[in-house]
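Before any comments, here is the structure.
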Number of protein chains: 4
Amino acid sequence: MTHQATERQIDAVVERVKEIGLKIELSRGEDRTLVGVIGSNAYAYREAFSHLPGIKEIIPITKPFKLASREFRAADTVVDVGGVPVGGANDVVVMAGPCSVEGEEMLIETARHVAARGARMLRGGAFKPRTSPYSFQGLGESGLKMLALAREETGLRVVSEVVTPADVELCARYVDVLQVGTRNMQNYALLQEVGRVGKPVLLKRGMSSTVEEWLLAAEYVLSQGNRDVMLCERGIRTFEVATRFTLDLNVIPLARELTHLPVVVDPSQATGKWSLVRPMALAAVAAGAHGLLVEVHPHPDEALSDGAQSLDFAAFDRMMDDLHRLAAAMAQVPAK
Amino acid sequence: MTHQATERQIDAVVERVKEIGLKIELSRGEDRTLVGVIGSNAYAYREAFSHLPGIKEIIPITKPFKLASREFRAADTVVDVGGVPVGGANDVVVMAGPCSVEGEEMLIETARHVAARGARMLRGGAFKPRTSPYSFQGLGESGLKMLALAREETGLRVVSEVVTPADVELCARYVDVLQVGTRNMQNYALLQEVGRVGKPVLLKRGMSSTVEEWLLAAEYVLSQGNRDVMLCERGIRTFEVATRFTLDLNVIPLARELTHLPVVVDPSQATGKWSLVRPMALAAVAAGAHGLLVEVHPHPDEALSDGAQSLDFAAFDRMMDDLHRLAAAMAQVPAK
Amino acid sequence: MTHQATERQIDAVVERVKEIGLKIELSRGEDRTLVGVIGSNAYAYREAFSHLPGIKEIIPITKPFKLASREFRAADTVVDVGGVPVGGANDVVVMAGPCSVEGEEMLIETARHVAARGARMLRGGAFKPRTSPYSFQGLGESGLKMLALAREETGLRVVSEVVTPADVELCARYVDVLQVGTRNMQNYALLQEVGRVGKPVLLKRGMSSTVEEWLLAAEYVLSQGNRDVMLCERGIRTFEVATRFTLDLNVIPLARELTHLPVVVDPSQATGKWSLVRPMALAAVAAGAHGLLVEVHPHPDEALSDGAQSLDFAAFDRMMDDLHRLAAAMAQVPAK
Amino acid sequence: MTHQATERQIDAVVERVKEIGLKIELSRGEDRTLVGVIGSNAYAYREAFSHLPGIKEIIPITKPFKLASREFRAADTVVDVGGVPVGGANDVVVMAGPCSVEGEEMLIETARHVAARGARMLRGGAFKPRTSPYSFQGLGESGLKMLALAREETGLRVVSEVVTPADVELCARYVDVLQVGTRNMQNYALLQEVGRVGKPVLLKRGMSSTVEEWLLAAEYVLSQGNRDVMLCERGIRTFEVATRFTLDLNVIPLARELTHLPVVVDPSQATGKWSLVRPMALAAVAAGAHGLLVEVHPHPDEALSDGAQSLDFAAFDRMMDDLHRLAAAMAQVPAK
């Protein structure tokens, strides 16, 4: 309450809280009175008070997410992707492949290469959310079929983006992990739909979403019954224009404190420049990432989307060599 | 090309451009060679070159949007919303109402009040995209029915948000303007769907979208055949936490240079604080806005969402008085 | 305190607070204990607790600035600039002139023109903080002399930037208002130095400073005894690249709630584009600004700095005409 | 030039460029004419053209910094700090110590501890730039004396911040590295002053500065003759509020491409939370940092500034153990 709040104003706030059915903790200082509001959904009701006279500020004390929180579940969630575990103390999982599925041949060639060097999953977009309606929008279902074929050929699990609720069932038929992209992190109809199918979800952080909003987006999926959510940091939008986005690695250790869900990092989208991908992949693993999502293309100069940020095979090999060395060193890092 | 680019590297770039079918303008300086790439879709192909050796940087010269651009259409678009014109030299249109439709009585009461004071449209959310799955999500179709009823009672046109492609047809049956919210500005399936129906669209700017991305989102709608798009600035996400968002009024005169589409401003969402709404509404109109989207609630302290930023009736009346005075003064401002 | 905090942890925090000499308000809820810390400088000590076990979060309740706050002084400060009042209910003061002082002739020509059209102050940089060491850095003292001469010729008061403590005395000899630029808003040695001289100060907001940091910077000046501080919003740095900065007009009504100091707006720096200056100047006044700082140059295409954002005389005249019309309308707006 | 630019407009631009003494490269396309402007200081003159009729956009092609660029100097700069080499292929240098120098005893205790665990430099603020004038401002010269004493006791080199040009000589007498803080990155008088003394400089990135602005700030120092500049990333300001700043590790590999100067990272300031410091220190080294600046305090809960982000001795030891393991693994990473 403000400094000048009257007894009547304080009483009115208390009454309003009780009407709604929430509990109250009143703290009267010499200078100022604090009204603590307690209840399982108190946060959602804050707007019901905000206009009452005498209120200075409404400050949330508890976190608004639940199922995603460490308080709810202390042990790390390990997501089982068709036998490949992601999270906890398991090996870092590399998910590699082209930005877009462009054709069968290039996809199989890429899948074989990355599988041979240690990747466990194949990434590739069949439905592409593009900023311009005139850019290449992906091959759709025929792209999904190519991904399924590549899985058969290589044993790699497949991760691909779904962009609208109507496509969820179709995508789930072909892929092992449903990716929700940065532009759709707050597409709640989509989040609820992927929450209803029995497939692991890779939830990219919105390019201007706070960690709290990201975990609330995860909460949308979790609250529908799907507990297999992997978070994916992919760079946030800042004033810096020298890189495509700013990779926010602070959120890896932070998310690992706040949530039990695994955290994956996409250094390709986050930097927009292939020469920065290897160092940032190493940094992500050093910071505690459980997985990496990396764009690889046999001929990046011919890619239909995001060629500038794709590794060619030689650059991918070098990254994998360095990662193995780093992972071996980090394995000796005793867990917290 | 880089300083050190060889003749062979330059030739390879030229070849690649020709293969794709684009035209070329070569400029050879003493120190540096520039390769100009010309074609109706050149921007979309930039990734096809970015990996070639010898390239220093790829710089877009022309704007990537077309139907939305002033070059394409010099005269202001005036969107006809059931007889109410928005855009061009027409009067500023005020769209007012509660954040969410909470019940018939409060909606009708609000509609009558704002209509009496000069508003031409009623706003109100039936489908609410909420950050938390535990917040009030709107009344859905029954909310739409209340809006339609309020239209009958008052003659106000109705604007309401649609959040997913599957709801577009349903919403279009009840409302006069389909609003696409900030979290869905890059939900391309939704943009395409609203592009296919014959209803005006109010396209809110993504909270971290550049003006270019906003106009490209409009392009998604326009390219489906729906030319009745109104842009709506509603605040962007910045480092400043004292207000909910930062209202970016620079974009009003800027958008009016770049595009022929009308520009509306939402000072309620942009400030998050009712006491800032009136001054920012006035500022928006002074900067050249064609319309305002304002939250009004008969009892803001009881609102189920966003009460803190809603005007009560007295505050709305004061805003309308000031707006009339300002509009009269601005009417004497000779057009550019 | 955290949910799991023990009695001993709570006691330890209470003890630590008492040691420092601050007062305490303890609020014990069923689920959680809040420790309220009260004292004139409590904010500065927050770090002394932040490491104690059992603490969940430290939340500032009161604002950290004092002399700048409305609580400290309810009435608007009116800064007297050699007889020209800025702030309160006084007329909007236009400060116009070239970005840099480039020569006597152009300065006098500009001063005469803007004075004839209603400007009350002349702006012009003699010491320029330039991002590149290779850009034009200003004429220094000879520039200040030209400004003083222009004042004699026209009666305009003079505002010019000071960039380092050692120059404060020199600048104060020639100018009527000492401007502290955006890059120096947290140059505390400079703030303290301008706080010690008896000249009004125009304090530009740091391009990435919150309103709170801005008012704390003002507090540095005020706490040295200089009460004549004018705040100046000049655009903040955001992700948007279509304009040079994002003009944050939200802060005008917000600052007017938080502080008694006058608020000036610089639409030239904030937009970086002369065609946006007039609409944004109008918007600033509509939002409640007490003054405007505008770049005017007789031949913007020949300016040594920031020509793209300077108005030529014709554009300035048009802005002044519109401002007069707007001001007349706003004068009828009853004060809050 | 714009699409509609006339021959006369193009000629006028060409004339203007020649008048200034710059060279020209004209490229006439079917649709559009490009005017290339070439000269050692062309960038600084851009404003001289920007107002000419017919110009669409001015696009910088070359980077505006010179002495700091890889083009100017291909080999890594190794800064010699009293015998401790920073940069190139040398071992990662850890600079550790308290945020502020608070007293002799705690400083010596900290210095001995960090030296014993492998740190090579001692950090500690004697002059503190604090956001509030009411916060602890540092011990000044007596703090510098304590740092010099700690150097004698431990052999550690000393790094400390200088906040204003008048203090540069004084600080240079006591310390081995002059730190320029984030709030002063564009305090050009200070940059020039530290450029004139013969001491290495640690230049922190401005909290909202682009990489280009950071390198231009370095250019200010370099152009005064001081070539011993170390860059320090310390987190940038973004919309994310869960951490104090967003550590931008993208800039490590990026800066190493653009410049020959060593790059240091400060994970303490960047996260604001001690539990995130160790993972982010590891990430920085994995990304290629040449040094680390880390806050360590014997009793973080009693620190007068920034206690929440300081490591205690046990946490520092754990970080050093992990760093040694990581460095050993990375040493096997073949250089690019």
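With chain C as partner, the option from Ala166(D), Pro300(D), Gly181(D), Pro165(D) having the largest number of non-hydrogen pairs under 4.5 angstrom is Pro300(D). Heavy-atom pairs under 4.5 Å with chain D peak, among Ala308(C), Ser310(C), Ala217(C), at Ala308(C). Between chain C and the residues His299(D), Gln192(D), Glu219(D), the largest count of heavy-atom pairs under 4.5 Å involves Glu219(D).
For a residue to count as touching a neighbouring chain, one of its non-hydrogen atoms must lie under 4.5 Å from one of that chain's; by this rule Gln137(C) touches chain D with the side chain only. Neither the backbone nor the side chain of Thr238(D) comes within contact range of chain C, judged by heavy atoms closer than 4.5 Å. Contact annotation for Asn184(D): only side-chain heavy atoms (C-beta onward) come within less than 4.5 Å of a heavy atom of chain C. When heavy atoms are compared at a cutoff of 4.5 Å, Thr182(D) does not approach chain C at all. Both the backbone and the side chain of Pro129(C) come within less than 4.5 Å of a heavy atom of chain D.
In this structure, the side chains of Gln186(C) and Thr131(D) come closer than 4.5 Å at one or more pairs of heavy atoms. Looking at Arg16(D) and Glu302(C), their side chains come closer than 4.5 Å, going by heavy atoms from C-beta outward. When side chains are defined from C-beta on, Tyr188(C) does not count as touching Lys128(D), because their heavy atoms never get closer than 4.5 Å. Proximity of Arg237(D) to Arg237(C): side-chain heavy atoms (C-beta onward) are nowhere separated by under 4.5 Å.
No more than 12 heavy atoms of other residues, nucleotides or ligands sit less than 6.0 Å from atom CD of Glu169(C). Atom CH2 of Trp274(D) is surrounded by 12 or fewer heavy atoms from other residues, nucleotides or ligands within 6.0 Å.
With values rounded to the nearest 0.5 angstrom, Lys66(C) atom NZ is found 8.0 Å from Ser132(D) atom OG. Atom OG1 of residue Thr164(D) and atom CG of residue Asn187(C) lie 6.0 Å apart, to the nearest 0.5 angstrom.
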